[in-house]
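In what follows, a single structure is set out as structure tokens and then discussed.
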Amino acid sequence: MAEIDRIIHAPARLRIMSALMALQPRSQLDFRTLGKTLDLTDGNLGAHLQTLEEAGYIKVEKSFVDRKPRTHLSATTKGRARFEDHVAALREICRV
Amino acid sequence: MDIENTSPLSKEDARASLAEIDHIMAQTRKTIAAGSSAPIVILWGVIWAIAYARLQFSPHSTPWLWPALDIVGIAGTFHLVRRSPVKRPKQRRVLLAFLILFAYAIVWRALLCHPDLPYKAGAPAFTPSMARRIAAYFATIPMFGYVMLGLWLDRFFIWLGILVTIATLIGLFFAQDYYYLWLAISGGGSLIIGGVFIRKFWK
């Protein structure tokens with residue numbers, strides 16, 4: 001039986017994971033675009049990303065594009081599996 | 001709505017969470033299309049509009065225009081992909097696939113239309129009618145690529161590809177003297193309007 005994931009369930013983290021799950025596996029989304037899409041401040045977004053990264057649900061990669069630092073984020077295989085489990089658990093609750 | 005405060009989760013909360021997931025996923029796909037695909041579509045729309053308009057009003061004066069604009073388009077596309085908000089593991093392959101598609105089209109155009117090839121002996125020269133069909137062929141080749149691309153990436157590519165292909169065929173059969181202008185406006189215009197629409201409303 002699927003279970004609600006405590007880390008993903010927090011509203012901001014649920015939205016972050018949803019956005020990253022909209023990408024194809026191994027695709028990465030820019031930090032600034034994610035913040036704008038979710039209407040989250042850099043500080044707030046950063047804090048939630050750290051929690052998700054520590055749980056191994058997302059991967060954070062820093063690089064330089066045109067000499068400017070860019071941060072790209074992607075959901076890991078573990079993160080994707082946990083998210084799908086979480087969604088399955090939500091659907092089960094709706095069916096009960 | 002933290003789990004510690006809401007456990008056990010109610011049906012309403014679960015439904016709200018699922019709705020929020022659907023909403024964010026759809027919004028993210030649109031934002032990605034607006035930030036990464038739309039600028040490329042606009043760039044190629046401008047290139048089409050310039051090249052076909054020039055072909056309409058001054059058909060023989062600038063044979064270098066299409067190759068030159070293609071080079072600008074390819075370089076611009078690489079630049080836009082580098083600055084895109086999303087990095088896809090296979091995006092270089094997508095660009096390479098388009099280059100291969102164009103190379104294939106150019107080779108076959110040369111094979112089918114070259115007047116010096118032996119099997120063409122006695123056949124009519126490169127007529128205006130054939131030039132129109134060749135223009136339609138080259139206009140629909142990238143649109144075929146868009147439709148294929150849309151199957152894997154952004155869906156709007158499918159609709160854009162079909163729309164421009166239909167517009168091109170309408171022009172081929174019905175836009176007599178202003179065929180190239182039709183291609184500039186309908187093809188280039190559709191790409192520009194499609195790209196601007198997505199950039200403006202899908203952000």
Side-chain angles (χ1 to χ4, degrees), chain A residues 2-40 48 51 59-68 70-75 83-84 86-96, chain B residues 1-39 76 78-94 149-155 157 198-199 201-203:
Chain A
E3 279 181 21
I4 293 289
D5 188 293
R6 286 166 182 266
I7 295 169
I8 293 175
H9 189 66
R13 293 197 285 273
L14 180 78
R15 299 172 75 209
I16 291 168
M17 285 304 292
S18 303
L20 296 180
M21 288 295 288
L23 307 175
Q24 290 177 319
R26 287 173 44 231
S27 290
Q28 300 170 309
L29 188 62
D30 172 61
F31 177 91
R32 215 179 332 152
T33 307
L34 182 65
K36 263 191 203 172
T37 308
L38 303 179
D39 202 19
L40 291 172
H48 287 295
T51 305
K59 192 174 157 196
V60 180
E61 256 185 45
K62 291 175 192 291
S63 62
F64 282 87
V65 176
D66 296 335
R67 294 183 190 169
K68 287 177 191 160
R70 293 272 292 268
T71 303
H72 283 96
L73 313 150
S74 59
F83 182 86
E84 277 161 14
H86 183 78
V87 170
L90 291 173
R91 289 205 176 110
E92 275 172 24
I93 293 168
C94 287
R95 273 199 294 269
V96 173
Chain B
M1 201 168 70
D2 207 318
I3 187 78
E4 284 83 357
N5 303 326
T6 57
S7 192
L9 204 60
S10 69
K11 261 187 183 184
E12 285 68 32
D13 281 341
R15 262 194 212 112
S17 289
L18 287 170
E20 180 73 349
I21 289 167
D22 286 343
H23 169 70
I24 294 292
M25 288 177 100
Q27 184 56 46
T28 305
R29 288 193 187 106
K30 286 182 173 181
T31 304
I32 290 168
S36 63
S37 308
F78 272 97
H79 176 72
L80 290 169
V81 165
R82 245 170 65 82
R83 293 174 58 98
S84 163
V86 65
K87 274 187 0 187
R88 295 176 171 117
K90 290 175 185 162
Q91 62 195 16
R92 280 187 188 165
R93 264 191 232 177
V94 171
L149 186 68
L151 295 175
W152 281 274
L153 299 178
D154 304 322
R155 288 281 162 83
F157 274 119
I198 285 159
R199 226 169 141 64
F201 295 105
W202 283 17
K203 266 193 167 175

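In the text below, chain A, chain B and the rest are named by the order of the sequence lines, each starting its count at 1.
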Less than 3.5 Å apart, which donor and acceptor atoms pair up between the side chains of residues 15-24 of chain A and the rest of the protein, not counting sequence neighbours?
residue : atom : partner  : partner atom : Å
A:Arg15 : NE   : B:Glu20  : OE2          : 3.0
A:Arg15 : NH1  : A:Leu38  : O            : 3.2
A:Arg15 : NH2  : A:Leu38  : O            : 3.1
A:Ser18 : OG   : A:Leu14  : O            : 2.6
A:Gln24 : NE2  : B:Trp152 : O            : 2.9

| note | Taking every heavy atom of B:Ala14 against every heavy atom of A:Leu90, the minimum-distance pair comes out as CB-O, 3.7 Å

| field | Contact class of B:Ser84 relative to chain A, heavy atoms under 4.5 angstrom | value | backbone

| field | Interchain contact, A:Arg32 with chain B, by part (heavy-atom threshold 4.5 Å) | value | neither

| A:Phe83 versus chain B, heavy atoms under 4.5 Å apart: side chain, backbone, both or neither? | side chain

| task | Using the test side-chain contact (heavy atoms from CB on, under 4.5 Å), find all partners of B:Leu80 that sit at least two apart in sequence or belong to another chain. | result | B:Pro39, B:Ile40, B:Leu43

| Do the side chains of B:Lys87 and A:Ser63 get nearer than 4.5 Å, heavy atoms only? | yes

| message | Check this for me: A:Glu3, atom CD, are more than 12 non-hydrogen atoms of other residues, nucleotides or ligands nearer than 6.0 Å? | response | no

| remark: Distance col, row A:Leu34:CG vs B:Thr28:OG1, nearest 0.5 angstrom, shows 7.5 Å

| query | If you take all heavy atoms of B:Arg15 and A:Cys94, which pair is closest and at what distance? | reply | CG-SG, 3.6 Å

| field | CG-CD1 distance between B:Leu18 and A:Ile93, expressed to the nearest 0.5 angstrom | value | 9.0 Å

| query | Roughly how far, to the nearest 0.5 Å, is the CZ atom of A:Arg95 from the NZ atom of B:Lys11? | reply | 11.0 Å

| remark: So OG1 of A:Thr37 and CZ of B:Arg29: to nearest 0.5 Å the spacing works out to 13.0 Å

